[in-house]
Amino acid sequence: MVDRITAPMQKVTSQTERMSERVKASQNELDRLGGLSKDIEHFRKLKRGVSDTAQEMTEAQRRVDELARQMREAGSPSKALTRDFNRAKKEVDQLRRSHEKENRELEETRRRLNDAGVSTKNLNDATRRIREETQRYTTDLEQQQQALDDVAKRQQRMADTQARNRNLRSGALMDTAKVGAGVFAITRFTNAYGELAAAQGEIASLGIGAEGIDAITQAARDFSNQWAGTTAPDFVRASYDIKSGIASLSDAAVGEFTRIAALTGAATKSSTDQMTSLFATGYGIYRQQFEAFGADVIEGWQGLSAEERDMRFGEYFSAGIASSVQAYKTNGAEMSAAISSLGATATAANVPFEEQLAILGQLQKTMSGSEAATKYAAFIQAAGEAGSDLGLKFTDANNQLLSTPEILDALRSKYGETIDAVEGQELKKAFGTDEAVDMVQLLYSNVDELRTGIDGMGDALNRGTSVAETMAQAIQQGPNKATDLMMQQVENATSALGKAFAPTVIAVAGALGSAATAVADLSERFPVLGQVLAFTVAGLLGLMTASIVGRFAFAGLSDAVIFGRKAFDFLRWSTIKTNVALVASRTRAIAVATGMVVMGAAQKAAAAGSAVMTGAQWALNAAMSANPIGLIIAGIVALVAAVALIYRYWGPLSDFFAGLWGGIKSAFATGWEFVTSGLSAAWDSIKGVLTFSPLSLLQPLWSPLAGFFGGVWDAVKAPFVAVWEYITGLLGFDPLAMLAEAWSPLIDFFAGLWDRVMGVFGQALNWINSAILDPINGVKEALGSVWNSLFGDDDAGVEVTQRVAQVNDSTPPDLRSPAPAPSSAGGGASGFLGAPVGSIAATSGGTTVVDQSQHKTEIVVQQQPGQSSQDVGAEVRRQLDERDRENRRRNRSRLSD
């Protein structure tokens, strides 16, 4: 049976395989013939190329022979002739190598053609025969291709059968999904409208007409399309409390009043049903009290209808609840519990609404809303009698209870700022309950805050629903609320569409229900009809089931046959060989890829090892460099290199420093010209600059600078001298002897440069003394007693002289200065530059000079205002030490030179 069913398919498959093999063989033969044609054409080109190359090589050899003859005749050939000969000889060599390569390729092509049965002696005949065979195989290939096309058509018909079967299944599934989606959509529409219709039925039970229900429903849709958190059915159900609690409202006004309550719920984080219940309760408690408020505050109150006044009350109540939630740590649900628990207790005691809200809100900072209401109610109920027991009056002239702040003020006047334990017992005895006393103690120290809260609540009650709208808009921010609002809007649209389907669904449901009832009645009256109906339905279901099973069975059988054929093909030996070869090929590919990965990892490991070796080599180099001998050698090499570079580039360096010195002198000249012009223009203010001397600024800095650079040179030179002595003592030879000739000029240059620098600065100091200090000293002498009162008299010079003598006596003998000679009769400034060698002169202006003429060194000390003789002596001692260090440095320099 299976063989007969699969025979056509096996026949088609076998024909396809045979035709494929024939086509493949023809194609291979055509490829072979094409290759032979290419080889023949290539052989011909090579043969022509060999002939042409041979001619060119003969011509080139002739030229070489001619150039060789000319060179023999010339005896001493020229460079041009030699160059031409070499070029020609090189060309012959290149042509010879090319000729040999072409001959080898020609022989290889001839061998390949002979192996293929083509004789190179008669290429035209071979070409004709190949052309005829190619034409024959081309004709066979066309016929085989036509047969393959026929087989492909039969296979296409088989594929069409498979596609039809798939379409049958997918079509059935798609139709089922469409029916299901339609039923689900209609059910979803009707369910959405059904929920809204159920809510409408609830409020219709209160006697609201169709127009009123439509108005409330429209208000519900408008609100749920604007504010997230309240759906249209929730809104309609919440209006039930409003209508049942406020009977005076018209049907249309119920929707608006419910909107105000729902908006307040959104603003205070409570549900719509909680807030509508609170509004209905609040209406019964505060509506009568609101009459007095409206008459005093609302303009045109007397002209408003009862319904309009009720609407104004809703706005008034919304403002109070929203403001209390905003001002205190509470929410709409807690305020609802507080007002419901408090009831009319406070209102009956004529406590204003704003005061009740402020007290309940402040108490909720530390407790729940219902607990706050319990304490507040206990306080109000006991306040009247408690005042009499405490000897205080808590009522006004009309026997109305005073406000809570006034009662607390009266208690504070009796007990002071705080209530101790004894006073607490007295309060408990007076008020009778712990709840009332707890409220008094909680608010006792916050009377001002309570009074401010009451005033704030009073102002807020006049703002209507604006407070709730602002709070609700702030709460509605964010993507979550936006998503909720979108779902509500979609739900409203779904409900509107469901209303259109509702009559049909109701009619169909009614008809089906009637039919079911009729069938039940007939089956009870005529049992035979019930059996016939049951058999009929069962038969129809059986036929439908058989039809469905038959379609799936046919499609499954077709697929099974095709699958079986594919299984047979898979188990064929040719297919198995192909699959095995494919698996082997893929295995080899995976193995190669794995090997590449392993090789890459090995290369990376080798690179890492190389990096480690490099780091180790660097560490070894660093260790060798850190070796003292290595450092010594590196220092000697660096020193030699530096000296060699200075000697080599001495001309540019000398020009550079000469230009630098010229620039410095030019800059100082320009600056000094500016200073002198400024001093001449500001001579009237010379008294302000007499308290300092420019020389006193330069001199203290010059000696430290000179000592610093001298010390730096000594510090730099000392290691090299020590290293050099060690090397020469160790090795017994002088590697720098070759540099001696260049070293002496460098030493002489730097010594002369230092002397020139010192000479320039000495001339500058002398010029400053003559151009600036002499006029300043003249002005000082003219000032007379004023100068002496500020800077001291001639006795200070004597003290300086004595102090210098003491310092000189304490100096070691080998460095001690000669004994001071008496100063000239004039004293004064004559001793500044004219004192004998080794003398110490004190000027009347307080200037002390120690002249060591051996090295032409001057020590100048300018006594400053308020400076004692000990300070001047210390300065002289310091400068003497600097002079001695300078002398020792010069002596060492000469010794090293």
Side-chain angles (χ1 to χ4, degrees), residues 177-178 180-203 213-242 254-279 314 318-319 321-326 329-337 464-502 505:
K178 290 178 181 179
V183 173
F184 175 78
I186 294 175
T187 303
R188 185 73 181 83
F189 292 154
T190 54
N191 288 343
Y193 176 72
E195 188 175 358
L196 180 62
Q200 291 174 341
E202 293 178 6
I203 62 174
I213 292 175
D214 291 341
I216 294 173
T217 303
Q218 187 60 44
R221 286 179 176 147
D222 293 341
F223 186 86
S224 60
N225 285 333
Q226 184 179 3
W227 306 99
T230 301
T231 63
D234 293 339
F235 187 97
V236 174
R237 288 192 180 92
S239 66
Y240 184 94
D241 292 335
I242 299 298
V254 169
E256 179 62 20
F257 205 92
T258 305
R259 187 193 71 82
I260 296 174
L263 178 63
T264 307
T268 58
K269 298 193 297 183
S270 61
S271 62
T272 300
D273 56 346
Q274 285 178 336
M275 199 51 59
T276 50
S277 176
L278 175 62
F279 268 62
S318 172
I321 299 299
S323 299
S324 61
V325 171
Q326 188 180 50
K329 188 184 74 67
T330 184
N331 53 50
E334 292 293 336
M335 287 301 298
S336 176
T465 59
S466 61
V467 179
E469 288 180 356
T470 302
M471 294 173 63
Q473 289 174 356
I475 293 176
Q476 294 288 314
Q477 302 298 322
N480 294 337
K481 291 293 184 180
T483 304
D484 294 341
L485 181 61
M486 179 197 69
M487 296 302 298
Q488 290 177 189
Q489 294 168 345
V490 171
E491 190 72 15
N492 290 337
T494 303
S495 175
L497 293 174
K499 185 177 181 180
F501 286 100
V505 172

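Of all the heavy atoms in Ile216 and Gly255, the pair that sits closest is CG1-N, 4.0 Å. Nearest heavy-atom pair across Ala228 and Asp484 is CB-CB, 4.0 Å. Of all the heavy atoms in Val236 and Ala220, the pair that sits closest is CG2-CB, 3.8 Å. Scanning both residues, Ala267 and Ile475, for their nearest heavy atoms gives O-CD1, 3.3 Å. Closest heavy-atom contact between Ala333 and Gln274: CB-OE1, 3.8 Å. Smallest separation of non-hydrogen atoms from Pro233 and Ala199: O-CB, 3.7 Å.
Phe235 and Phe223 have tilted rings, their planes meeting at an angle from 30° to 60° on a 0 to 90° scale.
Of the possible donor and acceptor atoms, none in the side chain of Gln488 sits under 3.5 Å from a partner among the backbone N and O of Asn225. Here the side chain of Thr483 pairs a donor or acceptor atom with the backbone of Pro479 at under 3.5 angstrom. Although no hydrogens or angles enter the test, the distance criterion places no donor-acceptor pair under 3.5 Å between the side chain of Asp234 and the main chain of Thr230. With hydrogens and angles disregarded, no donor-acceptor distance shorter than 3.5 Å links the side chain of Ser336 to the backbone of Gly332.
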Working note: Ser239 + Thr258, criterion side-chain hydrogen bond (donor to acceptor under 3.5 Å, both in side chains); need CA distance, chi angles, decisive distance, verdict. CA-CA 6 Å; Ser239 66; Thr258 305; 4.7 Å; no
Using side-chain contact (heavy atoms from CB on, under 4.5 Å), reason through Thr268 and Met275 one step at a time and then give a plain yes or no. CA-CA 9 Å; Thr268 58; Met275 199 51 59; 3.5 Å; yes
Given side-chain contact (heavy atoms from CB on, under 4.5 Å), test Gln473 with Trp227 step by step and report yes or no. CA-CA 8 Å; Gln473 289 174 356; Trp227 306 99; 3.6 Å; yes
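To the nearest 0.5 angstrom, Ile260 atom CD1 is 7.0 Å from Phe279 atom CZ. The CD atom of Gln326 lies 13.0 Å from the CD1 atom of Ile321; values are rounded to the nearest 0.5 Å. The distance from atom OG of Ser318 to atom CD of Glu469, rounded to the nearest 0.5 Å, is 8.5 Å. Interatomic distance, OG1 of Thr272 versus CZ of Arg237, reported as 12.0 Å (0.5 Å rounding). Note: Met486 CE to Lys481 NZ = 14.5 Å, rounded to the nearest 0.5 Å.
Within the 4.5 Å cutoff, the side chain of Arg259 has no heavy atoms near those of the Asp222 side chain. You'll find the side chain of Ser224 reaches within 4.5 Å of the side chain of Asn492, heavy atoms only. Counting only heavy atoms from C-beta outward, the side chains of Ser495 and Arg221 approach each other to under 4.5 Å.
Under the rule for a salt bridge (charged side-chain N to carboxylate O under 4.0 Å, His left out), Glu195 has no partner lying at least two apart in sequence or in another chain.
Here salt bridge (Lys or Arg N to Asp or Glu O under 4.0 Å) pairs that include residues 488-498, with residues two or more places apart or in two chains, are Arg188-Glu491. For residues 269-279, there are no salt bridge (Lys or Arg N to Asp or Glu O under 4.0 Å) pairs, not counting sequence neighbours.
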